Amino acid sequence: REGSAVFDTSGNCPTGLVDPITEYDHSVGQSITGGYVYRGSVIADLRGYYVFGDFVTGTVLALPATSGTGSAADELLDTGLSISSFAVGNDDELYLLDYAAGGIHRVINAP
């Protein structure tokens, strides 16, 4: 599957899968990189939001973790990085990993 769309034309796509709570088309991004629910203290307004990114565009997006299916995510940052993964530190702060340059970046600000 790609999001909620079935791409397995053989009829062997597993049943019982849970649809994602958000999706976007390729006009917004190309490759979702899963993230985490933010539980840190540096960005108080982001607490309880699921934060994720796009590998191709470098955007960081978020939506409340309690959102229902069909909810739209808000763009937080346009990093220009190749976001390959997210991590949570011992301090509960969020970090993102840049595949292209090999860097680890702490998320410290969101609009």
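Owing to the predicted nature of the structure, the values given are computational and were not obtained by experimental measurement. For the single chain, residues carry numbers from 1 onward in sequence order.
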Roughly how far, to the nearest 0.5 Å, is OG1 of Thr22 from CZ of Phe52?
5.5 Å
On a heavy-atom basis, which atom in Gly53 and which in Ile83 lie closest, and how many Å separate them?
CA-CD1, 4.3 Å
So, the side chain of Arg39 versus the backbone of Asp92: is there a donor-acceptor pair under 3.5 Å, distance only?
no
For the residue pair Tyr24 and Asp54, confirm or rule out a side-chain donor-acceptor distance under 3.5 Å.
yes
In this structure, CD of Glu23 is separated from CD1 of Ile21 (nearest 0.5 Å) by 11.0 Å
What do the steps show when you test Phe55 against Thr59 for side chain to side chain contact (heavy atoms under 4.5 Å, CB included), and what is the final call?
CA-CA 8 Å; Phe55 178 80; Thr59 56; over 6 Å; no
Rounded distance (nearest 0.5 Å) linking atom OH of Tyr38 with atom CG of Asp45:
10.5 Å
Once you round to the nearest 0.5 Å, how far does OG1 of Thr57 lie from CG of Asp78?
7.0 Å
To the nearest 0.5 Å, what is the distance between OG (Ser84) and OH (Tyr99)?
8.5 Å
Report yes or no: do Ile43 and Val60 belong to one cluster of Ile/Leu/Val/Met/Phe/Trp/Tyr joined by side chain heavy-atom distances under 4.5 Å?
yes
On a heavy-atom basis, which atom in Ala73 and which in Leu61 lie closest, and how many Å separate them?
CB-CB, 4.1 Å
From Leu94 atom CG to Arg106 atom CZ, the distance as rounded to the nearest 0.5 Å
10.0 Å
Judged by atom type as modelled, is there a donor-acceptor pair below 3.5 Å linking the side chain of Asp98 to the main-chain atoms of Gly103?
no
Ile32-Leu96 co-clustered via ILVMFWY side chain contacts under 4.5 Å
no
Closest approach of Tyr36 and Phe86, non-hydrogen atoms and distance?
CE1-O, 3.3 Å
Here's a test for you: under side chain to side chain contact (heavy atoms under 4.5 Å, CB included), which of Leu77, Val51, Thr79 qualifies with Val107?
Leu77
Given side chain to side chain contact (heavy atoms under 4.5 Å, CB included), test Val37 with Tyr49 step by step and report yes or no.
CA-CA 5 Å; Val37 174; Tyr49 277 69; over 6 Å; no
Using a 3.5 Å distance criterion without hydrogens, assess whether the side chain of Glu93 forms a donor-acceptor pair with backbone atoms of Ser41.
yes
